[in-house]
Amino acid sequence: MVKEAVDEIVRGTAEIIDKEKIEKLLKEYFEEGKHYYVKAGFDPTAPDLHLGHTVLLQKLATFQKYGGIVQFIIGDFTAMIGDPTGKSETRKKLDRETVLKNAKSYQEQVFKILDPDKTQVLFNSQWIDKLGASGLVELTTLVSVARMLERDDFEKRYKAGKPIAISEFIYPLLQGYDSVYLKSDIEIGGTDQKFNLLMGRQLQRSFGVGKEQAVLMMPILEGLDGVQKMSKSLGNYIGVDEEPNTMFAKVMSISDELMWRYYELLSSKSLEEIEILKEGVKEGKVHPKYAKELLAAEITARFHGDEAAKAAKEEFDRVHKQNDIPSDIAEYELKGPIWIAKALVECALEPSTSQARRDIQAGAVRVDKEKISDKDLHLKEGEYILQVGKRKFAKLKVTK
RNA sequence: GGUGGGAUACUCAAGUGGUCAACGAGGGCAGACUGUAAAUCUGCUGGCUUUCGCCUUCGGAGGUUCGAAUCCUCCUCCCACCA
């Protein structure tokens, strides 16, 4: 039992520090029914969860299966600082109301994966506010600047002559202090969080908490481009709240190479099953597109159910295999006659008439499936299907 | 506090009085080819009721000039070295 649980927890992880401790906690759960605390922090600035987040969430859910109580931290205080991700933008301080709103939205989405009965949702301002200026200074005495600069991200920026704000040094300290206050047994996060996660161990030691948290790191899920991490700001994400059709299509658009990565980190198939599939593709027995469809269907079904996933697949085939027009496209009504470029902007297919003109010249615009080249074209009364590129459609009714 | 360097479009990065809506690279979008994959090749990549035209953009505010991203003044921010 313990071994199976450990195997399941280890699956897909990038690195585990103090694995023995995790094994011990699991053993105690199975033998004595003892629970333990697994901490994970989330930023309240982006309430739209995407698949990158679910890699962590699924791991948390696994812990819940085996006696873990999840400490789900909304970093409302730390959000004011902003995690030093290399972006130089100063974060706006979020007001209480927005944070609460975002937190609520988090919960709606998070509990699609986590078990609410085994989850504590906590705001870190609750204990950090109490720390006060003197407490904060106390905290800063525990870590040296040289130690801070060991952090990969800081080191790179420092060497590149990029600015680092003092407040950014405080971020890891506060995240570590969360672990002190909550007496966490395990903290999980992405590999990019390594420094912060280890800080939790160091501070627990410094404060004499009596235990040091084990640290479990998950790989960072690449976004649709396959290069950069999945993030909302880069626009390369698949949101958990997205429409089934969109979700399915987005998975289909990833590269074959990336598909295996997604399998490893997102699929609930066993590693053996995945390996068999991979071999099949490699030997030419299985078409890679088929393997991708399986994945797309599994992911879509997780958030929308089997029915919706099936419908999404059918829709995908309809549109792409048969080159048909999607069954459900946005409709607009405009007064005519109207200049084609303007119409495209009005139908939200193009951001500007200048861009529309360029696309017309590039041959990317179709009206009723016919490619057009006349950028001065005016649409008279009637109904048209407008298309830009391969995936943007709109139905337009031109009235008098 | 002192000295020097820097701030250019999504990012990096050229440009040091007119030929600059601004080289180049990356990214992005589109076309061809495909499996709406990847790779490759090609085009585009500030806006405008319409484009051999007009308007806005080179950290901010003024100024010099027929004309400024480029010169001058002040301001803001960043970096390095010295204290």
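Values below: all heavy atoms of this structure, side chains included; hydrogens, waters and symmetry mates excluded. Order of the sequence lines sets the chain letters (A, B, ...), proteins ahead of strands, with each chain counted from 1.
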Open item on the list: So, does A/S354 get its side chain near the phosphate of B/G46, meaning an N or O under 4.0 Å from OP1 or OP2?
Closed with: no
TODO: Would you indicate what A/K371 reaches in the nucleic acid, counting non-hydrogen atoms under 4.0 angstrom: base, sugar-phosphate, or nothing?
DONE: sugar-phosphate
- [ ] May I ask you to check whether A/Y29 and A/Y36 place their ring centers less than 6.0 Å from one another?
- [x] no
Open item on the list: Looking at A/K65 and A/E8, is any side-chain nitrogen of the basic one under 4.0 Å from a carboxylate oxygen of the acidic one?
Closed with: yes
- [ ] Could you please name the partner base of B/C10, counting Watson-Crick and G-U wobble pairs only when both distances are under 3.5 Å?
- [x] B/G26
Open item on the list: Does the structure show a Watson-Crick or G-U wobble partner for B/C71, both distances under 3.5 Å? Name it, or say none.
Closed with: B/G63
- [ ] Would you indicate what A/I338 reaches in the nucleic acid, counting non-hydrogen atoms under 4.0 angstrom: base, sugar-phosphate, or nothing?
- [x] nothing
Task: Between P of B/C79 and OH of A/Y158, the distance in whole Å - done: 10 Å
Open item on the list: Classify A/F316 by what it touches in the nucleic acid, base, sugar-phosphate, or nothing, heavy-atom distance under 4.0 Å.
Closed with: base
Open item on the list: Can you identify which nucleotide, out of B/C78, B/C48, B/G31, has its nearest atom closest to the A/K390 side chain?
Closed with: B/G31
Open item on the list: Please classify the nucleic acid contact of A/K375 as base, sugar-phosphate, or nothing, using heavy-atom distances under 4.0 Å.
Closed with: nothing
Open item on the list: Any side-chain to backbone donor/acceptor pair from A/E242 onto A/G239? Under 3.5 Å, distance only.
Closed with: yes
Open item on the list: On the nucleotide B/U49, are OP1 or OP2 found under 4.0 Å from the side-chain N or O atoms that A/K342 carries?
Closed with: yes
Open item on the list: Side-chain N or O of A/S352 versus OP1/OP2 of B/G46: is the shortest distance under 4.0 Å?
Closed with: no
TODO: State the pairing partner of B/G4; accept Watson-Crick or G-U wobble contacts with both distances under 3.5 Å, and report none otherwise.
DONE: B/C79
Contacts table for residues 331-339 of chain A: side-chain donor-acceptor under 3.5 angstrom, sequence neighbours left out:
| unit_1 | atom_1 | unit_2 | atom_2 | d |
| --- | --- | --- | --- | --- |
| A/Y332 | OH | A/C347 | O | 3.4 |
| A/W339 | NE1 | A/K375 | O | 2.8 |

Open item on the list: Is there a side-chain contact between A/R366 and the phosphate of B/A30, meaning an N or O under 4.0 Å from OP1 or OP2?
Closed with: no
TODO: Look at all strands and tell whether A/R391 reaches a base, only sugar-phosphate, or nothing, counting heavy atoms closer than 4.0 Å.
DONE: base
